Amino acid sequence: MMRLFTTYNRALLTISIIGLLIIGYLFYNTLSQYLNKQIDNYLVEELLEVKDYARNKTNYPAHVVFEDLVIEYHKISKQHIKRHFGDTVFFNPKKGHKESGRFLEEDLALGGKDYNVKIIASKIAHADQAQSIFLVIILPVLGLLVVILLVNRYMTKNIWLPFRQILANLKSFNLNHGGNYQKVDTSIVEFKELNDAIVDISQRVKSDYKEIKLFTENASHEMMTPIAVINSKLDMMLQSNNLSEEESKNLIDLYSATSKLTKLNQSLLLLVKIDNNLLKDKEEVNLKKLIEEKLAYFQEFIQQKNINIKLDSQDKELLMSRYLADILLDNLIGNAIRHNKIDGSINIELNAKKLAISNTSEADALDPSVAFERFYKSPSSEGMGLGLAIVKQTAELHQFKIVYSHEHNLHSFCLIF
Amino acid sequence: MKILVIEDEHTLRANIIEYLMAEGNVCDQAKTFAEAAQKTALYSYDCILLDLTLPDGDGLTLLADLKKMERKDGVIIITARNSVDQRIEGLSLGADDYLIKPFHLSELSARIMAVIRRRTFNGSDVVVFNELAIDVQAKEVKVNGKDISLTRKEFDLLVYFVANKAKVISKSAAVTHIWGDHADMADSFDFIYTHIKNLRKKLVDAGCKDYFHSVYGVGYKFAE
């Protein structure tokens with residue numbers, strides 16, 4: 001995985017370097033060819049001077065050595081070399097070292113005798129010139145390239161800043177916690193469009209989500225009145241003085257179905273309320289005391305199954321909705337009793353960091369990945385599968401963590417504060 | 001007792017009235033906010049049952065108006081909205097109780113009796129039924145003037161049944177009354193049986209007549 005502008009920079013850098021090398025090579029070559037041509041012209045002029053000189057003098061021409069020019073005469077028997085140019089390395093006696101040069105060689109008849117004339121001109125001065133020209137051109141180009149790369153780096157960093165901000169805001173956007181998508185101010189059209197599109201989508205998602213929740217809330221509320229009617233009708237039927245046994249049984253079933261329906265509705269409404277964070281009545285709740293209250297509240301059920309309760313609790317206060325704390329413990333302790341076996345046990349451990357409730361049961365381990373999902377229930381459960389979902393939502397609302405584990409035949413739920 | 005039932009749902013209103021009238025109460029009814037405002041302006045009641053969501057207005061407004069007029073009528077809010085805020089608002093506006101739909105008529109009746117008792121007998125709150133005397137405030141029960149000791153749940157059940165004299169109370173209603181919203185424990189019906197059995201035994205042992213009658217496993221009736 002590579003960042004967008006690392007990829008971009010890498011390509012830019014590679015192309016720039018290759019381009020620069022090619023351009024540099026071509027430029028240098030052309031420049032040296034041009035300089036060679038200049039030296040060659042100079043050599044030809046020197047040769048003409050040699051010829052002029054030879055016309056007037058008849059004696060043997062001597063070697064000539066100047067600072068940058070060497071003329072050599074070698075007697076030969078017959079002329080056979082035509083004029084030609086070439087590169088060479090020669091010993092410069094004036095300077096006392098070898099240097100590169102350009103030569104012109106031609107066989108000439110001087111004073112009636114045949115000579116091979118070789119004129120060598122030092123390239124050093126010209127090479128220095130070429131180097132200067134090359135550097136004067138190439139160095140600014142290199143500098144420009146570095147500046148471009150730096151500017152590019154800075155620009156991409158800055159130009160993409162709104163994009164990063166958009167990304168960060170998008171990541172922190174959470175439907176459940178009610179916050180809005182934070183709009184990012186940017187003058188770049190593309191990002192503005194992206195931003196507007198996200199704002200638009202987030203608002204639509206939000207309103208859809210709100211509508212769904214509102215729908216659940218309204219549906220549940222609207223159902224309460226008909227259920228109330230059914231309930232009151234049942235209560236009236238019960239008052240009839242001549243109920244048959246059959247009718248009584250039907251009444252029992254109807255009562256139980258209605259109470260299940262009521263409970264389902266209440267649970268759904270509660271979930272909506274937790275989702276919408278509507279239960280804002282926060283207060284210091286003494287968990288230790290509340291647990292003791294709950295154990296007293298459930299005492300008949302505990303006694304009936306002859307459940308052994310091991311309570312190890314320290315004082316712990318939590319800042320949370322009392323109503324939700326109540327429901328949280330009702331669900332956790334209620335479950336530990338409901339799913340327990342005869343002569344079973346429940347361990348409750350409360351300290352500053354966590355509340356752990358574990359219980360024996362005949363039921364197999366729950367699947368921890370779905371145990372807290374809405375409407376998930378173990379095959380043996382008679383509930384609706386909303387209790388643990390409520391526990392989880394409540395925990396999340398208060399930034400607690402709830403973990404289920406199954407070890408040594410103990411189902412445990414651990415609430416980490 | 002004179003009770004005004006403000007409820008827009010026809011069947012529910014009719015059932016509430018029928019149940020309450022059978023207990024010897026006089027009932028008046030209103031199905032809209034306007035009707036309710038008119039009736040409360042003209043008459044006074046021992047207790048007003050107030051539905052908050054009326055087709056033409058908010059029940060809380062009516063409640064606020066009643067309190068502005070310094071009316072002494074007891075008010076019980078009956079609503080489908082189980083909202084903590086609304087509950088607090090309702091009670092702070094002067095409602096005596098708050099009952100969430102759906103409810104059992106026996107529960108409603110018990111709440112009405114409690115409200116009327118609180119409003120009528122200042123301080124001492126003693127319900128007398130033949131040889132039974134129940135001090136609801138002090139949570140004491142006397143049979144022929146002799147104290148008997150009941151558990152908290154047994155006491156609650158007794159008060160509940162006495163408030164619904166001669167009515168069959170379903171086990172479902174009794175369970176809800178004792179364990180509230182969390183009455184869905186698997187064996188809760190058995191506990192009602194156990195509690196009532198113990199309660200009966202304690203009362204009979206103290207020389208009280210056995211007023212509890214079982215009704216086909218559906219529920220119980222407290223009657224002569």
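These numbers were taken from a predicted model, which means no experiment stands behind them. Throughout, protein chains are lettered first and strands after them, A, B, ... in sequence-line order, and every chain is numbered starting at 1. Just the heavy atoms: all of them, side chains too, but no hydrogens, waters or symmetry mates, feed the values below.
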B:Asp147 atom CG, over 12 foreign heavy atoms within 6.0 Å: yes
Heavy atoms from other residues, nucleotides or ligands near NE2 of B:His213 exceed 12 (cutoff 6.0 Å): yes
Largest heavy-atom contact set with chain A, pairs under 4.5 Å, which of B:Glu18, B:Lys221, B:Arg13, B:Lys101: B:Lys101
Any residue meeting ring pair (Phe, Tyr, Trp, His ring centres under 6.0 Å) with A:His339, in chain and number order, not counting sequence neighbours: none
Separation between CE of A:Met224 and OG1 of B:Thr53, rounded to the nearest 0.5 Å: 12.5 Å
Chain A contact via B:His195 - which portion, at a heavy-atom distance below 4.5 Å: side chain
Interchain contact, B:Ile169 with chain A, by part (heavy-atom threshold 4.5 Å): backbone
Where B:Ala80 and A:Thr225 come nearest, the two heavy atoms and their spacing: CB-OG1, 4.2 Å
Whether over 12 other heavy atoms sit under 6.0 Å from B:Lys31 NZ: no
More than 12 heavy atoms from other groups under 6.0 Å of NZ on B:Lys139: yes
Part of B:Glu9 within contact of chain A (heavy atom distance under 4.5 Å): side chain
Worked verdict on A:Glu300 versus B:Thr194 for side chain to side chain contact (heavy atoms under 4.5 Å, CB included): CA-CA 10 Å; A:Glu300 286 90 353; B:Thr194 318; over 6 Å; no
side-chain hydrogen bond (donor to acceptor under 3.5 Å, both in side chains) contacts in which one or both residues fall within residues 355-364 of chain A, not counting sequence neighbours: A:Asn340-A:Thr360
Residue part contacting chain B, namely of A:Lys260, when any heavy atom lies under 4.5 Å: neither
Proximity breakdown for B:Lys153 and chain A, heavy-atom pairs closer than 4.5 Å: side chain
Over 12 non-hydrogen atoms of neighbours within 6.0 angstrom of NZ in B:Lys39: yes
Other residues, nucleotides, ligands: >12 heavy atoms within 6.0 Å of B:Lys67 NZ: yes
Separation between CD1 of A:Ile230 and CG of B:Asn15, rounded to the nearest 0.5 Å: 11.5 Å
Test side chain to side chain contact (heavy atoms under 4.5 Å, CB included) applied to B:Ser170 and A:Ile252, A:Leu234, A:Leu238, the passing residue: A:Leu238
Contacting region of B:Tyr19 [heavy-atom separation from chain A under 4.5 Å]: both
CD (A:Glu284) with more than 12 external heavy atoms under 6.0 Å: yes
B:Phe103/A:Asn231 under side chain to side chain contact (heavy atoms under 4.5 Å, CB included): CA gap, chis, key distance, verdict: CA-CA 7 Å; B:Phe103 46 78; A:Asn231 232 353; over 6 Å; no
Separation between CG of B:Leu105 and OG of A:Ser232, rounded to the nearest 0.5 Å: 5.0 Å
Minimal non-hydrogen separation, A:Ala228 against B:Leu12, with atom names: O-CD1, 3.5 Å
Spacing of B:Ile100 atom CD1 and A:Gln266 atom CD [to the nearest 0.5 Å]: 7.5 Å
Whether over 12 other heavy atoms sit under 6.0 Å from A:Met236 CE: yes
B:His104 and A:Tyr255: CA distance, side-chain angles, deciding distance, side chain to side chain contact (heavy atoms under 4.5 Å, CB included) verdict: CA-CA 10 Å; B:His104 288 283; A:Tyr255 266 124; 3.5 Å; yes
